[in-house]
Amino acid sequence: MSTNHFIAERVQQDNESQKYGGRVVTRFPPEPNGYLHMGHAKSICLNFGLARDFHGACHLRMDDTNPTTEDPEYVEAIKRDVRWLGFDWADKMFYASDYYQRLFDIALQFIDAGKAYVDDLTEEQISAHRGSVSEAGKPSPFRSRTPAENRALFLEMQSGKLAPGSKVLRAKGDLASPNFKMRDPLMYRIKNDHHYRTGTKWHVYPFYDFAHCFSDAFEGITHSICTLEFENNRELYDWYLRQVPFAGAPKAMPEQIEFARLNVDYTVLSKRKLLELVKDKHVDGWDDPRMPTIAGLRRRGYTADAIRKFCDMIGIAKANSLVDIGKLEFAVREDLEARSQRLLCVVRPLKVVIENWPAGKTEEVDAGGRKLPMSGTLYIERDDFDENPPKDFHRLKPGGEVRLRFAYVIKCERVVKDASGNVSELRCSYNPDPAHKAKGIVHWVSAEHCKDVEVRLYDRLFKDPNPDGGEAHFLTHLNPKSLEIVKAKIEPHGLSAEPSTHWQFERVGYFFADPVLSKPNAPVFNRSVGLKDSWAAKKEEPKRVEVQKTHAKVDKEFAPAPTPALAAKRDAYQKTHGFSLEEAVILTQDETLNAFYESAATKHAPAVGRWIVNELLRALKDRSVTELPFKAPDLTALIDLIETNAISRRAGKDVFEVMLKDGGVPSTIVDKLGLRQVSDSGAIEKIVRDVIAANAAQWAKLKGGETKLLGFFVGQVMKASKGQANPQLAQSLLEKSLK
RNA sequence: UGGGGCGUCGUCAAGUGGUAAGACACCGGAUUUUGAUUCCGGCAUUCGAAGGUUCGAAUCCUUCCGCCCCAACCA
């Protein structure tokens, strides 16, 4: 797993700052309510990969807080799949259900502290009370119950005597928060179902948000990585943790980091949908080779190495994306290419009789180490013969020649057809000279010696690249031809294939001896993936739609100035200092910023204004200018240094960074940093010469006409001078040297 | 409509003011008794759009556009 993504970077930073004392603990937290799929593989590779690369640990935790949907079968499947993918959680196997008591105690703490209450509202009422995007939530009439009352009620919820849905425990959040997750989140619900691990001990079960953050904290997780849809939950994650005096909080609290979940075209990756496929028998179980589950891929013949390679290829980022399934297939082919023994197998046989073959003769031909029996009657692939072939067809055609792989060249003398006009047999002759050349090669088996074998040709489960995407239900996109079972003719050696072994059927694809369907001497082969077929691609007509980009011009809209006085200034600034409308708008958008500008603009007003618009705003983000460690006159002084050419603008930015961080007087900072603009052409000329010498190859390219390299050279000169050179001067000297 | 995110090649994805990485796909060409593999070469004058700041912008500022997520007693 490569570790150059933003999450690894965050972990690295935390290590450097010693936020967790150098500890790195991640976790993979599946809920045992279904089988793991490719999306989980991405998360597993990420979490275990991080732990490995940073010498930390990755916990495997069953996030089992819902007795209704969970099952021990899934726990076993999950463990098997993680292990198969090549990861080891050592002794770090955990269950959220083991934390029920601790979680319950924390809930009691919330209650006693007046931070949680038992609510009798119905589900619909709670929803209605939550408010909307434009209005705050309304408090539940039960929000003001006393801690004692809430405690008694919560204990009663746990007694088992209450009906599910009759009461919930809620945290007192912020009903006015723009984040719905904060509007009195639910902590516990009543469920009287049997739990697969705790049986009937519990009648209240914690919700995800409440259980997950504390589970992480209990285990000392440092980086709690989840998918994008939990971004809104992060505020609540942090909030819950801060409410309880806890080891590490708030400084070393686990941090939740989100990344984009995996989407792959021509398939679905949601446990709910996969469960539907299994339950409604659209596939043959969770490990059906058409399923994108780890178990399905494994049975299809995909390897753990290939899946890990695929996860490496797609990277980790925050943009929603739909990955081309071809990438997975590439990873699979690459891996299988190296590890598969070769076999000759004719999937759709066409009989070939070699008329000049000596009657009754069997010859053993050498096929790279193994022997292949050859006789006068053969099978070749139906697709390898075409009566009316397209241009560049290298295979068999009437009167044409083709080489039998590892054997002789044959020539098609006659085509035999059945009553309905279908080609039933080819009459051929062979050329006994093994050195005789032919353009194409074809695989074959001897009719007399070959064996019948069951081959399962799997194709993508859905016809549509994005079965989840459109209006239609995903099942309507099911590919009716996702499985074709054929009886193939295989060379005798093929029968010895042990279950779970990988093979390449030459010119056809990679196949896997099915671990459950195969019998001794009767393997069943699953097609893992076909060979890359550039001939098939060539036959298809090119289809490429040019997308015309539209360059629409947009008019800017600005909010009116907050006060008439500011509105007046807005006009005045444009007239007196030559500001554009948008610059004037920014400088008059609020009183404080405007006051800051006014008191800084005692000199070089346009430059001061532009600096505020383009530099200060970036540094400010959501802060106010009053929080800055320096005052308006300091900014004036900085601009003065730049405008009078005492320092370069580039150096001015460095000074500004220091001011932002520690405050201080610009001229003092300039002295401390040793920044004085170098406008002496002799000094710059020397730097220019050095830079040219050090980058001879690029210089040659620039001389050759790659003008964009000029910027690169200016940059190098700036760097060499520590930002002190006058860039215009540097550029003109470079241009002069160019001639 | 409030909030949280995200827009870089057909598809993923680096890039953090100084030459637009890499991979898949695609297109050549070489080698080949698998139209596979391997090898070599080509593939973003431009980063959602438009303006601006700067010697220099994918990166900083402004406005606009598009997509995803959030008002589950699921996780």
Side-chain angles (χ1 to χ4, degrees), chain A residues 4-5 29 31 33 63 65-66 68-69 123 126-127 130-135 137 164-165 168 177-181 183 186 188-191 205 207-209 212 228-235 258 260 265 271-272 313-315 317-324 326-327 330-331 333 337 342 392 394-395 403-407 438 440-441 443 504 506-508 531-538 544 549-558 580 582-583 585-586 610-611 613-615 617-618 649-650 653 698 701 706 708-716 718-719 726-731:
Chain A
N4 50 347
H5 48 72
E31 188 190 9
N33 63 351
D63 207 4
T65 54
N66 187 351
T68 326
T69 55
E123 193 175 346
I126 287 174
S127 177
R130 191 125 37 202
S132 68
V133 287
S134 49
E135 49 185 321
V168 287
S177 172
N179 182 355
F180 287 112
K181 298 280 179 210
R183 323 246 265 220
L186 278 60
Y188 271 89
R189 78 282 217 183
I190 299 169
K191 273 182 186 279
Y205 290 89
F207 283 97
Y208 166 84
D209 288 297
H212 204 91
L228 250 30
E229 66 269 27
F230 290 99
E231 273 173 325
N232 293 316
N233 301 54
R234 187 175 61 235
E235 188 182 354
E258 311 86 13
D265 58 9
K271 274 203 232 170
R272 211 208 79 233
M313 285 171 67
I314 57 176
K318 291 194 73 166
N320 285 316
S321 59
L322 185 62
V323 175
D324 181 355
K327 279 192 176 63
F330 167 84
R333 286 194 193 100
E337 159 70 23
R342 312 286 132 132
D392 294 328
H394 294 174
R395 306 169 187 183
R403 174 171 298 280
L404 299 175
R405 167 116 245 233
F406 302 122
I441 298 170
H443 59 281
Q504 189 202 90
E506 292 205 33
R507 303 209 317 126
V508 180
L531 251 31
K532 189 177 166 188
D533 190 351
S534 49
W535 168 242
K538 209 171 178 173
R544 186 145 294 182
K549 284 188 181 175
T550 50
H551 290 250
K553 192 136 183 161
V554 286
D555 284 325
K556 295 195 179 186
E557 285 170 31
F558 298 106
S580 67
E582 76 181 66
E583 287 166 332
V585 164
I586 294 165
R610 292 216 166 86
W611 193 277
V613 169
N614 292 298
E615 305 295 334
L617 239 47
R618 165 183 57 86
R649 198 188 152 83
R650 160 76 174 260
K653 286 193 172 191
Q698 281 92 335
K701 274 200 235 167
E706 263 190 65
K708 63 184 173 183
L709 280 170
L710 188 60
F712 164 72
F713 276 95
V714 176
Q716 291 301 307
M718 293 306 288
K719 201 173 278 174
N726 177 318
Q728 286 100 323
L729 189 54
Q731 182 154 339

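Every chain is numbered from 1, with letters handed out A, B, ... down the list of sequences.
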Contact under 4.0 Å: [X] side-chain N or O vs [N] OP1/OP2:
{"X": "A/Ser132", "N": "B/U1", "result": "no"}
{"X": "A/Arg507", "N": "B/U32", "result": "no"}
{"X": "A/Thr69", "N": "B/A75", "result": "no"}
{"X": "A/Thr65", "N": "B/A75", "result": "yes"}
{"X": "A/Arg189", "N": "B/A75", "result": "yes"}

[X] [atom1] to [N] [atom2], straight-line distance once rounded to whole Å:
{"X": "A/Glu582", "N": "B/G51", "atom1": "CD", "atom2": "P", "value": "11 Å"}
{"X": "A/Asn66", "N": "B/C73", "atom1": "CG", "atom2": "P", "value": "12 Å"}
{"X": "A/Asp533", "N": "B/U34", "atom1": "CG", "atom2": "P", "value": "15 Å"}
{"X": "A/Met313", "N": "B/A13", "atom1": "CE", "atom2": "P", "value": "12 Å"}
{"X": "A/Phe180", "N": "B/G5", "atom1": "CZ", "atom2": "P", "value": "16 Å"}
{"X": "A/Asn232", "N": "B/G4", "atom1": "CG", "atom2": "P", "value": "9 Å"}
{"X": "A/Lys327", "N": "B/A25", "atom1": "NZ", "atom2": "C1'", "value": "8 Å"}

Any residue meeting salt bridge (Lys or Arg N to Asp or Glu O under 4.0 Å) with [X], in chain and number order, not counting sequence neighbours:
{"X": "A/Arg342", "result": "A/Glu337"}
{"X": "A/Arg403", "result": "none"}
{"X": "A/Arg333", "result": "none"}
{"X": "A/Arg649", "result": "A/Glu615"}

With [atom1] as the reference atom in both, quote the distance from [N] to [M] in angstrom, rounded to an integer.
{"N": "B/U45", "M": "B/A20", "atom1": "P", "answer": "12 Å"}
{"N": "B/U53", "M": "B/C61", "atom1": "P", "answer": "15 Å"}
{"N": "B/A14", "M": "B/G28", "atom1": "P", "answer": "31 Å"}
{"N": "B/U34", "M": "B/A75", "atom1": "C1'", "answer": "48 Å"}
{"N": "B/C9", "M": "B/G42", "atom1": "C1'", "answer": "14 Å"}
{"N": "B/U59", "M": "B/A21", "atom1": "C1'", "answer": "16 Å"}
{"N": "B/C60", "M": "B/C70", "atom1": "P", "answer": "29 Å"}
{"N": "B/C26", "M": "B/G10", "atom1": "P", "answer": "15 Å"}

With no hydrogens and no angle check, do the side chains of A/Asp209 and A/Asn233 hold a donor and an acceptor under 3.5 Å apart?
yes
Between A/Asn179 and A/Ser177, do the side chains contain a donor N or O and an acceptor N or O under 3.5 Å apart?
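Result is no, nothing qualifies.
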Ignoring hydrogens and angles, does a donor from either the side chain of [X] or the base of [N] sit under 3.5 Å from an acceptor on the other?
{"X": "A/Gln698", "N": "B/U19", "result": "yes"}
{"X": "A/Glu583", "N": "B/G52", "result": "no"}
{"X": "A/Asn179", "N": "B/G4", "result": "no"}
{"X": "A/Asn614", "N": "B/G52", "result": "yes"}

Between A/Lys181 and A/Glu231, does at least one N-O distance fall below 4.0 Å, as a salt bridge requires?
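Judged by the 4.0 Å cut-off on N to carboxylate O distance, A/Lys181 and A/Glu231 do not form a salt bridge.
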B/G35 pyrimidine/purine six-ring stacking with A/His394, under 5.5 Å and 30°
yes
Face-to-face stacking of A/Trp535 with B/G35, centres under 5.5 angstrom, angle under 30°
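One would call A/Trp535 stacked on the B/G35 base.
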Rounded to the nearest 0.5 Å, what's the gap from CZ on A/Phe230 to CG on A/Leu228? Could you check?
11.0 Å
Which atom of A/Pro29 lies closest to which atom of A/Asp63, heavy atoms considered
O-CB, 3.6 Å
Restricting both atoms to N or O, compile the protein contacts to nucleotides 37-45 of chain B shorter than 3.5 Å, with distance only.
residue, atom, partner, partner atom, Å
B/U37, O2', A/Glu337, OE2, 3.2

Grab the N/O contacts between the protein and nucleotides 54-58 of chain B below 3.5 Å, and write none if there aren't any.
residue, atom, partner, partner atom, Å
B/C55, OP1, A/Gln728, NE2, 3.4
B/C55, O2', A/Gln731, OE1, 3.2

Side-chain heavy-atom pair A/Glu31, A/Tyr208 within 4.5 angstrom cut-off
no
Test item: A/Glu583 side-chain N/O and A/Ser580 main-chain N/O as donor-acceptor pair under 3.5 Å
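Here the side-chain-to-backbone pair exists.
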Pairing nucleotide - B/G22, Watson-Crick or G-U, each distance under 3.5 Å:
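For B/G22, the partner nucleotide comes out as B/C12, under the 3.5 Å rule.
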